[in-house]
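Beneath this line is the structure, given in structure tokens, with notes to follow.
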There are 2 protein chains.
Amino acid sequence: MDKTENWMTIGQVARSAGAKVQTVRYYEEIGLLPPAPRTAGGQRLYDEVARKRLAFIRHARGLGFPLEAVRELLRLADHPEAPCDEADLIAARQLEAVEQRIAQLLSLRHELGRMLDHCQGDRVARCRVIETLADHSLCAEAEHLGAGL
Amino acid sequence: MDKTENWMTIGQVARSAGAKVQTVRYYEEIGLLPPAPRTAGGQRLYDEVARKRLAFIRHARGLGFPLEAVRELLRLADHPEAPCDEADLIAARQLEAVEQRIAQLLSLRHELGRMLDHCQGDRVARCRVIETLADHSLCAEAEHLGAGL
DNA sequence: CCTTGAAGCTACAGTCACTGTAGGGATTAG
DNA sequence: CTAATCCCTACAGTGACTGTAGCTTCAAGG
């Protein structure tokens with residue numbers, strides 16, 4: 001019933017999950033991945049379970065979950081009998097953050113587009129881009145736009 | 001013709017431009033703001049010119065320009081006789097980055113929404129959120145979504 | 001004049017999530 | 001046996017701040 005272990009090197013597992021080698025070692029260092037078994041020469045070996053765990057992390061990171069949320073999701077994934085309200089909550093929070101960020105970026109795109117529409121081949125003295133940034137009346141708007149995500 | 005200098009403290013200028021005191025000192029440290037004149041006791045003083053420069057920086061940062069782009073934009077703003085192609089180019093690049101990021105976030109929102117729609121009060125074993133993240137077939141998509149901005 | 005409390009100062013460490021580098025050792029194909 | 005490619009550890013660097021410790025300065029009230 002047990003299939004033969006098909007060990008991968010760190011480079012292979014990294015490639016297969018779309019991560020860099022250093023990133024995989026980093027995840028091990030901060031405890032997102034368990035310490036990998038080693039060859040006699042000290043090189044890390046990964047099996048299918050480890051590969052899936054890494055893919056899970058990369059997928060969650062791709063969706064913008066911060067590492068602490070990923071850690072929590074992994075903890076939940078390790079306990080399949082528990083209710084999944086917590087996982088839902090984490091995902092809902094992430095969705096909310098994403099929606100806020102989208103709204104920010106849309107208004108940002110609007111302003112950048114306006115800047116560029118109104119400035120074509122003039123001197124800096126009348127450059128709409130520079131003017132817009134220097135314009136005090138617009139700064140109040142911009143203050144709401146933080147760095148999210 | 002010269003109006004009386006109306007000096008502000010660092011706290012006042014920071015508040016007026018929506019920055020933290022430390023951030024203002026940081027901008028001075030990295031050369032985005034010129035070294036502020038000081039009181040006899042060594043406290044920084046800011047005039048209207050400095051306030052506008054800080055507001056310019058905060059506005060640009062609010063629009064997502066990286067500090068190096070801000071530095072370049074300030075350099076351009078300091079030379080009003082030059083052509084503004086460069087400022088346009090910087091803004092255009094930023095607009096492109098913003099549009100990419102929006103596209104990423106929209107597909108991200110879609111996937112998060114799907115996760116949440118399909119998972120209501122079940123156990124983790126059948127949790128759509130966890131399942132989706134563990135699903136290998138979706139990882140290829142996620143790899144394109146990096147950290148932008 | 002003196003005190004008090006807020007605000008300022010420097011210098012440095014910490015954040016997040018990696019990424020890059022230096023200087024070596026292991027593994028593998030030919 | 002050798003060369004190329006991978007892997008190892010340890011640590012520094014990134015961007016753009018933010019927070020902390022331990023001071024000093026300043027403005028207002030008594």
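Letters A, B, ... are given to chains in the order of the sequence lines, protein chains preceding strands, and every chain is numbered from 1.
For the OP1/OP2 pair of D:dA16 and a distance below 4.0 Å, the side-chain nitrogens and oxygens of B:Lys20 include no atom meeting the criterion. Between B:Arg44 and the phosphate of C:dC9, there is a side-chain N or O to OP1/OP2 separation shorter than 4.0 Å. Applying the 4.0 Å criterion to OP1 and OP2 of C:dT10, one finds that B:Arg38 has a side-chain N or O inside that range. Remark: A:Thr9 is in phosphate contact with D:dC7, judged by side-chain N or O atoms under 4.0 Å from OP1 or OP2. Taking side-chain N and O atoms only, A:Thr23 has no distance below 4.0 Å to OP1 or OP2 of C:dA17. For B:Arg58 and D:dA16, the shortest distance from a side-chain N or O to OP1 or OP2 is not below 4.0 Å.
Atom pair A:Glu28:CD and C:dC18:C1' shows a separation of 16 Å (rounding to whole Å applied). Across the protein-nucleic acid pair, B:Ile10 atom CD1 and C:dC9 atom C1' stand 9 Å apart, rounded to whole Å. For the pair B:Tyr26 OH and C:dT10 C1', the interatomic distance rounds to 17 Å; values are reported in whole Å. Between A:Met8 atom CE and D:dC6 atom P there is a gap of 17 Å when expressed in whole angstrom units. A:Ile30 has its CD1 atom 13 Å from the C1' atom of C:dT15, to the nearest Å. To the nearest angstrom, P of C:dA17 lies 13 Å from CZ of A:Phe65. A straight line from CD of A:Glu29 to P of D:dA10 spans 9 Å, rounded to a whole angstrom. Rounded to whole angstrom, the span from the CD atom of A:Glu68 across to the P atom of C:dC16 amounts to 7 Å.
A donor-acceptor contact under 3.5 angstrom links the side-chain atoms of A:Gln22 to the base of C:dG20.
A donor-acceptor distance shorter than 3.5 angstrom exists from the side chain of B:His59 to the backbone of A:Thr132, with no hydrogens or angles considered.
The side chain of B:Leu67 has D:dA16 as its nearest neighbour among C:dA17, D:dA16, C:dG8. You'll find that the side chain of A:Arg61 is closest to C:dA17, out of D:dC7, C:dT10, C:dA17. Distance from the side chain of A:Thr39 is smallest to C:dA26 among C:dA26, D:dC17, C:dC9. Closest to the side chain of A:Tyr27, from the set C:dT19, D:dT9, C:dC18, is C:dC18.
Counted within 6.0 Å of CD on A:Glu96, heavy atoms from surrounding residues, nucleotides or ligands total 12 or fewer; the atom is thus considered open.
Here the rule is side chain to side chain contact (heavy atoms under 4.5 Å, CB included) with B:Ile10, and of B:Glu28, B:Arg15, B:Gln43, B:Arg25 only B:Arg25 fits it.
Checked for salt-bridge contact, A:Arg53 and A:Asp78 meet the test: a charged N lies under 4.0 Å from a carboxylate O.
Across all strands, A:Arg25 comes closer than 4.0 Å to base atoms (heavy-atom distances).
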Under the salt bridge (charged side-chain N to carboxylate O under 4.0 Å, His left out) rule, what do A:Lys52 and A:Asp47 come out as? Steps first, then yes or no, please. CA-CA 9 Å; A:Lys52 280 186 177 155; A:Asp47 61 7; over 6 Å; no

